[in-house]
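Step one of this worksheet: look at the structure below.
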Amino acid sequence: MSDSSDALGSQSCSSRLDSGFFEREVVDLARALIGCRLTREGVGGTIVETEAYREDDPACHAFRGQTPRNRSMFLEGGRIYVYRIHQSICVNLVCGPEGAGHAVLIRAIRPELGREEIAKRRGGRPEREWTNGPGKLCQALGITLADDGTCARTGPLRIEAGQAGACGSEPGAQIEAGPRVGISKAVDLPWRFRLL
DNA sequence: ACGATGATTGTCT
DNA sequence: GACAATCATCGTC
C-alpha cells in the first residue's frame with residue numbers, strides 16, 4: 001500500500017472493453033486478456049493466466065450442447081459464466097456471438113486492488129496463495145454463482161484494459177503458451193496462457 | 001519446492 | 001451412479 005499512485009491518474013486507464021473485444025477467435029481472446037484487469041466492487045488485479053475453451057473442443061463444457069448449468073456460455077461475448085467444481089467456483093468470460101459456446105477461464109490474477117479485503121477473504125494465508133488459482137481468485141473477489149450470466153460491460157464484475165494502453169499485455173511482455181491444467185480430454189492443445 | 005493423492009458436492013446420463 | 005476446467009495436504013527430494 002505504499003506508492004502506486006502515479007502522476008498519470010490511473011482512473012483514466014480503467015475503461016471497460018467493448019463487445020467487439022470479445023467477438024474473436026477464443027484462443028486469441030485468451031491471450032489478449034493477459035494483462036487486462038479483472039475487478040469486482042473495487043477488488044481485483046491484473047490477469048496473469050487464462051485458458052481457452054472452444055465449443056468444438058471435448059474439454060469445453062459446451063461441447064455436449066446446452067444444459068441448465070452452462071446456458072450462460074451461449075450468451076453474447078462479454079458475459080460472465082460462473083460454475084461450481086467440487087467446493088470451489090470458477091469464472092469465465094464468454095466469447096463470440098450469441099449462440100456460440102466459447103469461453104475463457106480466468107486461472108490467476110495479481111492481487112492489486114482491495115488487498116486488505118482479499119487478505120480477509122483468503123483467511124490470512126500467504127499472499128502468494130491469494131489469487132493463484134481459479135477458485136482462489138473467485139473467493140478473493142467475492143464472486144458467487146449470482147454473477148453467472150451478468151455482463152462484464154455493465155455489471156459489478158468488470159474487465160478493463162491493461163495499464164499499458166488499448167488492451168491486453170504491454171508491448172514486449174512475454175506470454176507463455178502451454179497445455180491446459182486439470183482436464184482429461186484434448187490435453188495436448190496449447191491453449192493455456194501465462195504472463196512471465 | 002514439487003508432485004501425487006484424497007476430499008466432497010452438484011450436475012448430467 | 002459416475003464424473004469434474006480444483007484445493008489443501010502429505011510425502012519426498
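In what follows, every chain begins at residue 1, and chains take the letters A, B, ... in the order their sequences are listed. Since the structure is predicted, the reported quantities are computational estimates derived from the model, not experimental observations.
Atom OH of Y53(A) and atom P of dA5(C) are 7 Å apart (whole Å). If you take NE2 of H102(A) and P of dA5(C), they are 18 Å apart, rounded to a whole angstrom. Per the geometry, CZ belonging to R69(A) stands 10 Å off C1' belonging to dA5(C), to the nearest Å. Per the geometry, NZ belonging to K185(A) stands 9 Å off C1' belonging to dA4(C), to the nearest Å. Separating the CG atom of L105(A) from the P atom of dA4(C) is a distance of 16 Å, rounded to the nearest angstrom. With rounding to whole Å, M73(A) atom CE is found 13 Å from dC12(B) atom P. Between Q139(A) atom CD and dT6(C) atom P the separation is 16 Å, expressed in whole Å. Atom C1' of nucleotide dC7(C) and atom CG of N132(A) are separated by 10 Å, given to the nearest angstrom.
Taking a 6.0 Å sphere around CZ of R64(A), one finds it holds 12 or fewer heavy atoms contributed by other residues, nucleotides or ligands.
Of the candidates dT8(B), dT11(B), dA4(C), dT8(B) carries the atom nearest the Q87(A) side chain, counting heavy atoms from C-beta on. The side chain of R128(A) lies closest to dA1(B), out of dA1(B), dT9(B), dT13(B). The side chain of P134(A) approaches dC7(C) more closely than any other nucleotide in the set dT8(B), dA5(C), dC7(C).
Of the candidates R115(A), R122(A), K136(A), R115(A) is the only one forming a salt bridge (Lys or Arg N to Asp or Glu O under 4.0 Å) with E127(A).
Phosphate proximity of dA8(C) to K136(A): present, with a side-chain N or O under 4.0 Å from OP1 or OP2. Within the 4.0 Å cut-off from OP1 or OP2 of dT6(C), at least one side-chain nitrogen or oxygen of R107(A) is found. Considering only side-chain N and O atoms, H61(A) lies under 4.0 angstrom from the phosphate OP1 or OP2 of dA5(C). Side-chain N/O atoms of S184(A) include none lying less than 4.0 angstrom from OP1 or OP2 on dC3(C). Between dC12(B) and T67(A), a contact under 4.0 Å exists linking OP1 or OP2 to a side-chain N or O.
In DNA chain C, runs of at least 3 stacked Watson-Crick or G-U pairs (N1-N3 plus N6-O4 or O6-N4, or N1-O2 plus O6-N3, all under 3.5 Å) give these stems: B:1-7 with C:6-12, B:9-12 with C:1-4.
Within the 4.0 angstrom heavy-atom criterion, only backbone atoms of the sugar-phosphate kind lie near I183(A); the bases stay farther away. Using a 4.0 Å heavy-atom criterion, one finds that R122(A) contacts the sugar-phosphate atoms exclusively. Contacts of R180(A) with the nucleic acid, taken as non-hydrogen atoms under 4.0 Å apart, are absent. Nucleic acid contact class of E51(A) (heavy atoms, under 4.0 Å, all strands): none.
A donor-acceptor pair under 3.5 Å is absent between the side-chain atoms of D28(A) and the main chain of R31(A), judged by distance alone. The backbone N or O of G65(A) lies less than 3.5 Å from a partner atom in the side chain of N70(A), making a donor-acceptor pair. For the pair E23(A) (side chain) and G77(A) (backbone), a donor-acceptor distance under 3.5 Å is absent.
Nearest-nucleotide positions on DNA chain C for C60(A) and E129(A) put C60(A) closer to the 5' end. Ranked by how close their nearest DNA chain C nucleotide is to the 5' end, A59(A) and R125(A) are led by A59(A). Heavy-atom nearest nucleotides on DNA chain B were determined for I85(A) and for R64(A), and the one closer to the 5' end corresponds to I85(A).
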What pairs of donor and acceptor atoms, side-chain ones from residues 182-196 of chain A against any protein atom, are under 3.5 angstrom apart with sequence neighbours left out?
residue, atom, partner, partner atom, Å
R192(A), NE, E49(A), OE2, 2.8
R192(A), NH2, E49(A), OE2, 3.1

Got a list of side-chain donor-acceptor pairs under 3.5 Å for residues 83-102 of chain A, not counting sequence neighbours?
residue, atom, partner, partner atom, Å
R84(A), NE, H86(A), O, 3.4
N92(A), ND2, Y81(A), O, 3.2
H102(A), ND1, E55(A), N, 3.2

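Judged by a 6.0 Å distance limit and a 45° cone about the ring axis, R180(A) is positioned over the six-membered ring of Y53(A).
Between A62(A) and F74(A), the shortest heavy-atom distance links the atoms CB-CZ, 3.6 Å.
A stacking contact between Y83(A) and dA5(C) is absent: the pair does not combine a ring-centre distance of less than 5.5 Å to the base's six-membered ring with planes differing by less than 30°.
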